[in-house]
Amino acid sequence: MVPAEVPDAEAEPDGLEDRLRRFVTIWSRAIFPATATSLTRPEFEQHLLPLARSLRDALHDRIFDATPAHGVGAALVGAHCTDPDALARSLGVVDAYLVLYCGEAADPAGELAADELRARCARLQATFAAGFAQALRERTLAEQEAIARSALAARGAAEDALHATEARFRAVFEGAAIGIGIADLDGRVLEVNDTLTRMFGGLEHHVRSRNVSEWVHPDDAPQVWRMYKELIRGERDNFRTEKPFFRNDGTVLWTNLTVSLLRDVDGVPQYQLALLEDTTERRLLTLRLRYEATHDALTGLPNRTLFFERLEKALAPARETPKDAAKDGTKDEANSGTKEAGPVPAPRPAARFGLCYLDLDGFKAINDSLGHSAGDRMLVEVADRLQSCATAPGEMVARLGGDEFVALTTGPDTQREVGELAARILGALATPISLDGREFTVRGSIGIVEGKAGESTAAEVLRSADITMYRAKSAGGNRFEHADAEADARAITRHGLTTSLPAALERGEFFIEYQPLVHLADGTVHGAEALVRWSHPTHGVLSPDRFIPLAEHTGLIVPLGRWVLEQSVLQARAWQEELAAGTFAGPVRINVNLSPAQLHHPGLVADTVEVLERIGLPPGSLCLEVTESALIGADEDLLKPLRQLAEMGVDIALDDFGTGYSNLANLRRLPVSVLKLDRSFTQGMQQHPADPVDLKIVEGIVSLAHGLELGVTVEGVETGAQAEHLRRLGCDTAQGWYYARPGPPEMLHTLSMADAV
């Protein structure tokens, strides 16, 4: 029972230890009136403090273990808090205040979600109750058994003490709070007390007329009857176990059973004494708490905790027991009396599993447009449909959180069954769901992992399924994909590169290579394009296509792009100084690529101006390359920073021109001064004779560009024939492996000096 006092939020202490002491104060106020301790209440609070600290630590352990709560319950009994009301009040305090005072305050990093804390709290309550009950039971059983033994032993004492002994025995026997029964060694029930009679339904003759051997239950532990036979034979004095019994009305009575052997003065077995504690309600409470801790509160599906338990069991390698071998017909040569073995059994099919990882497509839009209440109703409907898809033996559905669900199937033929299960799920989701008078079609992306048990861990399987699900989502959604080891490895590598990008920039792992831009008319070096590279400590030198998309996704492209701009401008300034000193014949211009993310950054113009002014490079010596696809449909807000840079004198080049399918009329409103023709238009010119269609297309583009007073640069030039065709068509500059591959800035000295000669 939780105390009526509600803690004042304004007076709540800030420190972790203060919050813990506040929790202990509430706990002591709740249970102190129900204790039989000789301690004062302040002394009792000091006794509760380490117990509360144990509960708090267990709540926040990285690897959760509810075992300490068992000791807390036992310690409460040890402090003479044996009144059942003390247990009820303690559980109420833990349920109401443990997470409140020892939850977020002890977890400032927010590593544990609120639902996880509540689930852990529920499991701690169950273990707490179990520890309290066990300690109370052991204490009671010890007292009751000692008294019963004394009473029974006294019956064989002197005649003058027989009457007193019988009276004491009867008082203990009839007044005991637990059921007591006495039977002979043949199992015939001789005596039962009223408590035991009530436990079995209230009809004494239905209990006294039974034989112990008749109380077999399908859920009996395998060793129960073995231990019973050992006790009857005198090989053991007692045993304890949890055992269910059928009552007269067919319901199940769960008990903690202690059976002891009573011997005569010569040590010969004579009777068996059974002590039974009714644990049915406690078991139901434990099962209810277990259900709440392992099932999703919204949908009723198994949650992440239970799913991982089932998955780990499904992934565990099968182990054949001797009993299984006997069922298969194999013979034990040592016991068969012959060296001839029986028929070799057919090998069992390997245990397999199949996992479908489902994520709803566009679920966030439902929450944003209709609210979370409507989203919750949709999740409940989706859960019902998924559950109807997984009804076969060995199949289960669980909710991992949010709009993520998993379906698991096990058996020898999961290679076929898991695909059918995924198809059933997509089919079940295809029917529209009605929410607030509107119908919504639910779509989902499913990642499938299938394989043999014992080859992967649960974490590895779920990671692969998650990666595969995102692959299905990126392919358009409303589909399923099967896991692929190579695709998983690529995704893991991408993730590793993503996480190491920030540190790589700080450690100076990036460097720049330069590829010369050559005048087609005379072959002289006109400038160079800066191309960033990543010298990764594990994967070696990585080209931009391996990490630029990752940098754009994480937002690191802005500081990385600023670093590339600064280093490139520094190099261009160094070339200009060498040119003035006569030690270098060019280039004096530098081309730097801009990603779409950089175009949207508000500091683009200010950063560029700051770098140029600080280093002292004229704006006309810088050319910023922007891909055509980034400017398709661009509004004036996006074009404004480019216009500002162009007005300063910075050249703007439209990179990969011809791949974006943009309207050529857009060229009039774009602040560009150079078109960089994509290599796909010139591949047909690598040999003589050139592709006439490619010649006509390039001729038209060059004519259009020159008519608009735009320069034309061609990339990907690989042969002399290609360069000659482009020169005749009037292209201004070119770059490609025909002239030089990207390399260090020193490489351009050789090219420029050769041109000068």
Side-chain angles (χ1 to χ4, degrees), residues 2-3 6-24 26-27 52-69 72 90-129 285-309 359-360 363-364 366-368 370-380 382-383 397-406 459 462 466:
V2 180
V6 177
D8 186 357
E10 295 182 358
E12 183 178 87
D14 293 329
L16 300 183
E17 194 65 18
D18 290 337
R19 295 176 68 90
L20 181 67
R21 290 184 179 277
R22 181 59 175 159
F23 171 80
V24 170
I26 296 173
W27 190 7
R53 186 175 291 109
S54 178
L55 291 176
R56 182 193 65 185
D57 294 343
L59 181 67
H60 292 282
D61 277 346
R62 175 177 288 274
I63 300 177
F64 178 67
D65 183 7
T67 304
V72 173
S90 294
L91 292 177
V93 169
V94 172
D95 182 67
Y97 298 111
L98 181 61
V99 174
L100 177 64
Y101 282 97
C102 304
E104 296 180 2
D107 185 30
E111 296 180 356
L112 296 174
D115 289 345
E116 176 64 14
L117 288 174
R118 295 303 310 171
R120 288 187 172 191
C121 183
R123 294 180 64 180
L124 287 173
Q125 293 175 61
T127 308
F128 184 106
L285 172 63
T286 301
L287 292 175
R288 181 177 67 82
L289 293 174
R290 162 71 177 170
Y291 181 87
E292 293 177 355
T294 57
H295 286 75
D296 178 52
L298 176 64
T299 63
L301 292 177
N303 62 12
R304 179 183 291 269
T305 300
L306 182 56
F307 168 72
F308 265 95
E309 291 179 5
D359 184 86
L360 301 183
F363 178 73
K364 184 177 183 297
I366 300 295
N367 275 339
D368 293 344
L370 299 182
H372 288 275
S373 176
D376 287 347
R377 296 201 304 275
M378 173 174 283
L379 290 175
V380 171
V382 168
V397 173
R399 182 189 179 203
L400 296 185
D403 59 339
E404 295 180 341
F405 299 85
V406 286
L462 204 64
D466 189 23

Decide yes or no for [X] and [Y]: does some side-chain heavy atom of the first lie under 4.5 Å from some side-chain heavy atom of the second?
{"X": "Asp95", "Y": "Arg118", "value": "yes"}
{"X": "Phe64", "Y": "Arg123", "value": "yes"}
{"X": "Met378", "Y": "Phe363", "value": "yes"}
{"X": "Val94", "Y": "Trp27", "value": "no"}
{"X": "Asn303", "Y": "Thr294", "value": "yes"}
{"X": "Arg304", "Y": "Asp115", "value": "no"}
{"X": "Thr299", "Y": "Val382", "value": "no"}
{"X": "Phe308", "Y": "Leu462", "value": "yes"}

Between atom [atom1] of [X] and atom [atom2] of [Y], what is the distance when rounded to the nearest 0.5 Å?
{"X": "Asp296", "Y": "Thr305", "atom1": "CG", "atom2": "OG1", "value": "11.0 Å"}
{"X": "Phe405", "Y": "Leu360", "atom1": "CZ", "atom2": "CG", "value": "6.0 Å"}
{"X": "Asp466", "Y": "Leu400", "atom1": "CG", "atom2": "CG", "value": "9.0 Å"}
{"X": "Arg288", "Y": "Glu292", "atom1": "CZ", "atom2": "CD", "value": "4.5 Å"}
{"X": "Leu20", "Y": "Leu55", "atom1": "CG", "atom2": "CG", "value": "9.0 Å"}
{"X": "Arg120", "Y": "Asp61", "atom1": "CZ", "atom2": "CG", "value": "7.5 Å"}

Do you know which two heavy atoms are closest between [X] and [Y], and how far apart they sit?
{"X": "Leu301", "Y": "Ala383", "answer": "CD1-CB, 3.5 Å"}
{"X": "Ala52", "Y": "Val24", "answer": "CB-CG2, 3.4 Å"}
{"X": "Val99", "Y": "Cys121", "answer": "CG2-CB, 3.8 Å"}
{"X": "Leu91", "Y": "Ala129", "answer": "CD1-CB, 4.1 Å"}
{"X": "Cys102", "Y": "Leu59", "answer": "O-CD2, 3.6 Å"}

Q: Report the C-alpha distance between Phe23 and Leu100 in whole Å, list the side-chain angles of each, state the deciding distance to 0.1 Å, and finish with yes or no for side-chain contact (heavy atoms from CB on, under 4.5 Å).
A: CA-CA 9 Å; Phe23 171 80; Leu100 177 64; over 6 Å; no
(Q) Just to verify, what does Thr67 make a side-chain hydrogen bond (donor to acceptor under 3.5 Å, both in side chains) with, not counting sequence neighbours? (A)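 Testing Thr67 for side-chain hydrogen bond (donor to acceptor under 3.5 Å, both in side chains), a comparison that skips the adjacent residues, returns Asp65.
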Q | From CA spacing to verdict: side-chain contact (heavy atoms from CB on, under 4.5 Å), Arg290, Leu306 | A | CA-CA 10 Å; Arg290 162 71 177 170; Leu306 182 56; 4.0 Å; yes
Q) When the ring planes of His295 and Tyr291 are compared, do they come out parallel, tilted or perpendicular, using 30° and 60° as the limits? A)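 Because their plane-to-plane angle is under 30°, the rings of His295 and Tyr291 count as parallel.
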Q: For Arg399 and Ala297, indicate whether the former's side chain and the latter's backbone hold a donor-acceptor pair under 3.5 Å.
A: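 No, the answer is negative, given that no donor and acceptor are paired below the 3.5 Å cut-off.
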